[in-house]
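Report on one structure; see the data block that follows.
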Amino acid sequence: MEYNFRDIERKWQQYWVDNKTYKVTENPSKPKYYVLNMFPYPSGAGLHVGHPLGYIASDIYARYKRLQGFNVLNPMGYDSYGLPAEQYAIQTGQHPAITTNQNINRYREQLDKIGFCFDWDREVRTCDPGYYHWTQWAFQKMFGSFYCNKTQQATPIAKLIAHFEKEGTENLDVAQSEPLEFTAEEWNSWDEARQQEVLMNYRIAYLGETMVNWCPALGTVLANDEVVDGVSERGGFPVVQKKMKQWCLRVSAYAQRLLDGLETIDWTDSLKETQRNWIGRSEGAEMVFKVKDSDVEFTIFTTRADTIFGVTFMVLAPESELVAQLTTPEQKAAVDAYLEATKKRTERERIADKKVTGVFSGSYAINPITHEAIPVWISDYVLAGYGTGAIMAVPAHDSRDYAFARHFNLPIIPLIEGADISEESFDAKEGIMMNSANEGLSLNGLTVKESIAAMKKYITEKGIGKVKVNYRLRDAIFSRQRYWGEPFPVYYKEGTPYLIPEECLPLELPEVKDFKPTEAGEPPLGHAEVWAWDTVHNCVVANSLIDQKTVFPLELNTMPGFAGSSAYYLRYMDPHNDKALVSPEKDSYWRNVDLYVGGTEHATGHLIYSRFWNKFLHDNGWSVTEEPFQKLVNQGMIQGRSNFVYRIKDTNTFVSYGLRKEYDVTPIHVDVNIVSADVLDIEAFRNWRPEYKDCEFILEDDKYICGWAVEKMSKSMYNVVNPDRIVERYGADTLRMYEMFLGPVEQSKPWDTNGIDGCFRFLKKFWNLFFDGNGNFCVSNDAPTPEELKSLHKLLKKVTQDIEVFSYNTSISAFMICVNELAQLKCNKRAILSDIVVCIAPFAPHIAEELHSLLGYEGSICDAAWPKWNEEYLKESNVTYSISFNGKMRYTLDLPVDMDNKTIEETVLSNEQSQKWIEGKTIRKIIIVPRKIVNVVVG
RNA sequence: GCUCGAAUGGUGGAAUCGGUAGACACGAGGGACUUAAAAUCCCUUGCCCAGUGAUGGGCGUGUGGGUUCAAGUCCCACUUCGAGUACCA
């Protein structure tokens with residue numbers, strides 16, 4: 001019988017559905033294992049061959065773990081809120097829900113063809129009210145919490161209120177937007193609105209006036225990780241800085257825990273490093289500088305307190321509140337002009353031209369150590385959002401200060417012995433200090449490191465400043481001026497936000513007539529006619545009923561993309577629970593994700609937000625583990641492999657790749673689907689586009705050979721390969737095998753169909769082991785020979801070890817070797833073949849099921865047990881030694897395994913081949929590496 | 001600029017603790033079967049030199065040094081490519 005993959009795959013995919021083979025329930029008698037893929041955004045383009053790479057890798061692992069006796073959770077769902085569906089809605093008027101649904105159905109169809117072991121009963125969609133109920137719920141909980149620095153955890157806001165009522169801000173150590181000071185009396189005297197306003201300074205989800213990345217073309221704000229090179233990640237539109245009132249999440253409060261948590265999880269070093277950089281912890285000192293002839297003083301942050309003797313000027317960020325205070329009347333005109341000019345420059349322009357700009361404020365600050373007066377400047381190279389928005393400039397040892405000093409002719413004082421600062425600053429934190437002494441303090445002669453430590457001690461003792469840790473990580477901006485996202489469960493009473501009652505969740509997304517912003521510039525929800533909250537009946541009512549006494553307007557912003565993806569792994573544990581995000585029982589059974597597979601592009605977005613979100617839930621006991629994703633594997637990107645044809649200029653004649661240099665040609669992208677192994681299907685090409693209908697070809701060897709290049713897989717390059725096409729032609733098992741055989745999972749590589757035949761041939765060969773020359777199923781019950789057993793157990797050992805480390809490509813090689821050996825031996829022994837079938841099931845589940853069934857076993861192969869290898873069968877009586885002289889391999893020798901070193905030495909030395917290398921020389925040393933090498937050092 | 005990673009045949013890629021390269025696959029060349037094609041099977045395939053031949057010798061993991069009996073693997077310097085990040089004081 002032939003290997004008919006179409007029938008086999010159709011049959012078993014149906015069997016899995018009918019028998020709910022992949023349904024999983026909590027089972028305390030079995031150890032759990034949680035495998036998760038980053039769920040996809042269902043785009044209109046459907047899946048290309050790059051998408052399933054990670055899914056196949058995790059599917060193999062999930063199936064393997066199940067065969068090993070684990071209760072494996074392997075769910076799938078859709079991150080179904082997002083910009084493309086909304087942009088499409090704006091253009092066509094089509095409701096995003098409709099587009100999204102169509103796309104999901106298409107994705108599902110494509111996924112089903114590949115034979116994944118997902119438990120679809122646990123599917124989640126972020127745009128489903130039953131799901132975003134819990135996104136809104138989490139937001140409400142964050143709104144109702146503050147972060148206590150003493151206990152290092154999120155705490156209900158009621159505790160904070162109690163503290164304020166008793167002692168105001170006395171003894172307060174909490175995360176806050178800005179430091180406030182008030183007494184209990186003051187707090188108690190304030191009205192509700194004022195108190196609410198103050199509480200915003202502490203809430204974990206808070207409404208804050210912040211500088212945001214505003215994208216005019218998209219009409220919305222973007223988070224830092226959604227802005228790339230000053231333009232939006234989606235669409236590439238320019239982004240400008242704008243001050244706006246927005247919902248924010250106090251992610252920064254968790255900076256230290258996010259950093260510390262990295263030590264406890266099993267991620268790649270590079271990913272951890274990326275997160276560390278993003279969090280950007282820097283240890284330094286805050287120092288207070290007095291302003292000359294004034295009561296004003298201000299604080300700066302520096303990591304180089306040791307360079308205090310080299311401070312020759314100060315710089316304020318243009319947005320700093322100090323600018324107004326420190327600008328003298330004489331300088332006011334110049335400063336105003338500068339501020340105006342700065343405001344006009346977008347983020348992008350600032351990055352693009354690195355011109356040094358700045359203006360003198362007119363004021364002088366007093367160096368707290370040297371007591372010298374130094375000028376205070378204003379420049380946009382200092383950022384308002386980092387540290388205190390003010391710096392002490394040490395031009396000799398900071399390149400930016402150096403450039404500034406050079407440009408404005410400010411003094412430069414070298415502080416490190418031997419540092420050449422004639423052309424550039426000396427930024428390295430090394431060397432011996434000089435020029436750093438006065439009557440009170442001397443750093444001269446110390447190394448930079450000693451000097452930093454000494455200064456920290458000094459300023460703390462003298463009360464000039466304090467040791468301070470700063471983080472680059474900023475709070476996440478949580479509002480989007482979009483329609484297709486989770487609505488905030490918030491209404492506004494005289495401008496103060498209030499939560500709708502928890503039991504009224506979910507607050508469902510209303511219908512709108514138009515998906516664009518309103519004419520008044522409000523977000524699309526401004527078009528909703530039924531979008532007001534009735535506090536008496538606790539329900540959504542028409543806007544016309546708003547009376548500001550019992551009926552209030554609801555929030556018009558929606559939540560960003562990362563809201564829905566931040567806790568979805570918890571929802572999979574208990575997807576149909578309408579009482580809680582996840583029940584404590586299920587949460588404590590599944591705990592966290594053991595293996596998370598996805599792309600690196602989420603390193604500073606989703607993977608930070610998710611960890612933050614989980615830590616918040618953990619603080620409240622709603623998630624049992626501190627870290628959500630124990631092990632993370634980043635699958636590489638599959639790039640496209642584009643094909644080109646070469647048209648001779650101004651003609652309709654195309655010349656084959658090898659001959660193109662003889663003509664003046666233009667390379668043109670050609671659809672890779674009409675090219676096979678770089679040979680163009682000429683007929684298909686002529687039909688591809690009308691203008692090529694009558695074209696001519698100059699061939700080589702009767703073939704048209706196309707050129708190729710590795711590019712991003714995209715429609716415009718005509719290099720998108722759909723998995724469906726491969727499945728149709730070779731079957732899902734071949735696709736799965738080939739995607740894994742292409743190379744290490746973590747590595748990026750171009751998609752290249754050229755080698756797929758190898759995997760297809762392998763499966764056919766494997767299939768043929770079970771059939772005789774006449775195509776009849778023919779498996780013998782005879783006892784296997786030692787040779788056959790050895791071949792099998794070599795395979796079992798290799799595959800078991802490889803799967804554990806995701807080295808699937810080498811496992812597949814092992815399968816190929818084993819099948820070749822068995823074919824050579826004409827082995828058709830049941831004892832051998834039935835084990836191999838189980839072993840190959842994770843990789844090629846359809847063919848495995850079919851053979852498992854033909855072998856006479858009942859039920860799905862998923863319920864079989866993973867075979868264990870036995871070292872007994874692998875033992876050899878002889879082992880081949882490489883015999884080297886002075887490290888150079890000369891010949892090999894078969895020796896008994898258990899021969900002792902002395903005998904080995906004697907055997908090697910007495911061997912006649914050895915004689916010619918030893919002749920006339922003295923033997924200095926003999927190194928014996930057991931079972932491998934004998935190296936004789938002669939001289 | 002900084003941080004991290006990579007570099008191996010015509011191609012994708014193997015190579016555990018440093019253990020004597022190139023597994024496996026593709027492609028290519030040759031052969032068998034066939035009227036023919038497809039499919040299948042067998043042989044060769046890193047480079048160079050010598051030999052009719054079995055075979056023998058030399059060179060080889062981006063470049064240059066080093067450690068070692070032994071280096072693709074470890075150390076130092078450099079080149080190229082990729083990823084992340086960027087006035088973070």
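Letters A, B, ... mirror the listed sequences (proteins, then strands); counts begin at 1.
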**Study point:** Touch class at under 4.0 angstrom, heavy-atom based, for A/Asp401 against every strand present
**Key:** nothing
Review point. Tell me: CD of A/Glu746 to P of B/rC4, nearest whole Å?
Key: 20 Å
**Study point:** Pi-cation contact, A/Trp278 with A/Arg611 (under 6.0 Å, within 45°)
**Key:** no
Got a list of protein N/O to nucleotides 39-49 of chain B N/O distances below 3.5 Å?
residue	atom	partner	partner atom	Å
B/rC42	OP1	A/Gln824	NE2	3.1

Exercise for review: Can you label the angle between the A/Phe815 ring and the A/Phe762 ring as parallel, tilted or perpendicular, going by 30° and 60°?
Suggested key: tilted
Review point. In whole Å, what is the span from the CZ atom of A/Arg890 to the P atom of B/rU20?
Key: 16 Å
Practice item. Rounded to the nearest angstrom, tell me the gap between atom CG in A/Leu607 and atom C1' in B/rG84. Key: 14 Å
Between protein and nucleotides 8-12 of chain B, what N or O pairs are separated by less than 3.5 Å?
residue	atom	partner	partner atom	Å
B/rG12	O2'	A/Leu742	O	2.7

Study note, to complete from the structure: From CD1 of A/Ile928 across to P of B/rU20 the rounded distance in Å is 16 Å
Check your understanding: Quantified in whole Å, what is the P atom distance between nucleotide B/rG60 and nucleotide B/rG5?
Key -> 28 Å
Exercise for review: Return the nearest nucleotide to the side chain of A/Asn277; candidates are B/rA25, B/rU3, B/rG19.
Suggested key: B/rU3
**Study point:** Integer angstrom distance from the C1' of B/rG46 to that of B/rA14
**Key:** 15 Å
Exercise for review: Sticking with atom P, work out how far B/rC81 lies from B/rU8, rounded to a whole angstrom.
Suggested key: 14 Å
Review point. What's the CE-P distance between A/Met889 and B/rG19, to the nearest Å?
Key: 14 Å
Check your understanding: Given side chains that start at C-beta, do those of A/Val394 and A/Leu415 come closer than 4.5 Å, heavy atoms only?
Key -> yes
Check your understanding: What integer number of Å spans the C1' atoms of B/rG22 and B/rG12?
Key -> 13 Å
Exercise for review: Check the distance between B/rA6's P and A/Glu273's CD and give it to me in whole angstrom.
Suggested key: 14 Å
Review point. Parallel under 30°, tilted from 30 to 60°, perpendicular over 60°: which one fits the rings of A/Trp377 and A/Phe408?
Key: tilted
Check your understanding: When all nucleic acid strands are considered with a 4.0 Å heavy-atom cut-off, which category describes A/Ser882: base, sugar-phosphate, or nothing?
Key -> nothing
Practice item. Output all residues satisfying side chain to side chain contact (heavy atoms under 4.5 Å, CB included) with A/Arg281, sequence neighbours left out; order by chain, then residue number. Key: A/Gln256, A/Leu259, A/Glu283, A/Val469, A/Tyr471
Point to revise | Closest to side chain of A/Arg472, choosing from B/rA89, B/rU85, B/rG84 | key: B/rU85
Review point. Reckon A/Arg474 touches a base, only the sugar-phosphate, or nothing at all at heavy-atom distances under 4.0 Å?
Key: base
**Study point:** Interatomic distance at C1', B/rA77 relative to B/rU85, whole Å
**Key:** 26 Å
Practice item. Go through the steps for A/Thr600 and A/Asn634 under the test side chain to side chain donor-acceptor pair (under 3.5 Å), then give the verdict. Key: CA-CA 6 Å; A/Thr600 8; A/Asn634 284 122; 4.7 Å; no
Study note, to complete from the structure: Considering only heavy side-chain atoms of A/Pro744, the closest of B/rG13, B/rA89, B/rC4 is B/rG13
Point to revise | Rounded P spacing from B/rG53 to B/rC48 in Å | key: 16 Å
Study note, to complete from the structure: Among B/rA89, B/rC24, B/rU85, the one nearest any side-chain atom of A/Thr604 is B/rU85
Distance-only donor-acceptor pairs under 3.5 Å for side chains of residues 817-827 of chain A, two or more places apart:
residue	atom	partner	partner atom	Å
A/Asn820	OD1	A/Lys765	NZ	3.0
A/Asn820	ND2	A/Met816	O	3.4
A/Glu821	OE1	A/Ser791	OG	2.5
A/Glu821	OE2	A/Lys794	NZ	3.0

Practice item. Using modelled atom types only, decide if a donor and an acceptor are shared between the side chain of A/His397 and the backbone of A/Thr307 within a distance under 3.5 Å. Key: no
Revision key, fill the gap. Rounded to whole Å, CG of A/Asp427 lies from C1' of B/rG1 at a distance of 10 Å
Point to revise | Among B/rA89, B/rA23, B/rU85, the one nearest A/Ser282 by side-chain distance | key: B/rA89
Practice item. Starting from the C-alpha separation in whole Å, work towards a yes-or-no answer on side chain to side chain donor-acceptor pair (under 3.5 Å) for A/Tyr386 and A/Ser282. Key: CA-CA 11 Å; A/Tyr386 185 77; A/Ser282 83; 3.0 Å; yes
Check your understanding: With respect to the phosphate group of B/rA23, does any side-chain polar atom (N or O) of A/Thr810 fall under 4.0 Å of OP1 or OP2?
Key -> no
Review point. For atom C1', what is the distance between B/rA15 and B/rA71, given to the nearest Å?
Key: 13 Å
Set out, line by line, the N/O atom pairs under 3.5 Å between protein and nucleotides 80-82 of chain B.
none

Check your understanding: What integer distance in Å separates A/Tyr386:OH from B/rC87:C1'?
Key -> 12 Å
Review point. Listed by chain and number, what are the salt bridge (Lys or Arg N to Asp or Glu O under 4.0 Å) partners of A/Glu273, not counting sequence neighbours?
Key: A/Arg276
Point to revise | Results of salt bridge (Lys or Arg N to Asp or Glu O under 4.0 Å) for A/Arg472 - residues two or more places apart only | key: none
Practice item. Kindly label the base of B/rG9 as syn or anti, based on whether its glycosidic torsion lies within 90° of 0. Key: syn
Check your understanding: Side chains of A/Tyr3 and A/Asn768: do they bring a donor and an acceptor to under 3.5 Å?
Key -> no
Check your understanding: Which part of the nucleic acid, if any, lies within reach of A/Ile817 when heavy atoms closer than 4.0 Å are counted: base, sugar-phosphate only, or nothing?
Key -> sugar-phosphate
**Study point:** For RNA chain B, stems built from three or more consecutive Watson-Crick or G-U wobble pairs below 3.5 Å
**Key:** B:1-7 with B:79-85, B:10-12 with B:24-26, B:27-32 with B:40-45, B:46-50 with B:55-59, B:62-66 with B:74-78
Contact list (N/O, under 3.5 angstrom) for nucleotides 64-69 of chain B vs protein:
residue	atom	partner	partner atom	Å
B/rC69	OP1	A/Lys925	NZ	3.4
B/rC69	O2'	A/Asn935	ND2	3.2
B/rC69	O2	A/Asn935	ND2	2.4

Point to revise | A/Phe806 side chain near A/Pro744 side chain, heavy-atom distance below 4.5 Å | key: no
Point to revise | Distance between P atoms of B/rU68 and B/rC4 (Å, rounded) | key: 28 Å
Point to revise | Residues which pass side chain to side chain donor-acceptor pair (under 3.5 Å) with A/Ser320, listed by chain and number, not counting sequence neighbours | key: none
Check your understanding: Which part of the nucleic acid, if any, lies within contact of A/Asn820, taking any heavy atom under 4.0 Å across all strands shown: a base, the sugar-phosphate backbone alone, or nothing?
Key -> sugar-phosphate
Exercise for review: Could you tell me whether B/rC69 is syn or anti, where syn means a glycosidic angle within 90 degrees of zero?
Suggested key: anti
Point to revise | With A/Lys797 via salt bridge (Lys or Arg N to Asp or Glu O under 4.0 Å) - residues at least two apart | key: A/Glu871
Check your understanding: For A/Asp802, does its backbone N or O pair with a side-chain atom of A/Ser807 as donor and acceptor, under 3.5 Å?
Key -> no
**Study point:** Identified ring pair (Phe, Tyr, Trp, His ring centres under 6.0 Å) partner of A/Tyr738 from the options A/Tyr730, A/Phe760, A/Trp751
**Key:** A/Trp751
N/O-N/O pairs, protein side and nucleotides 29-32 of chain B side, under 3.5 Å:
none

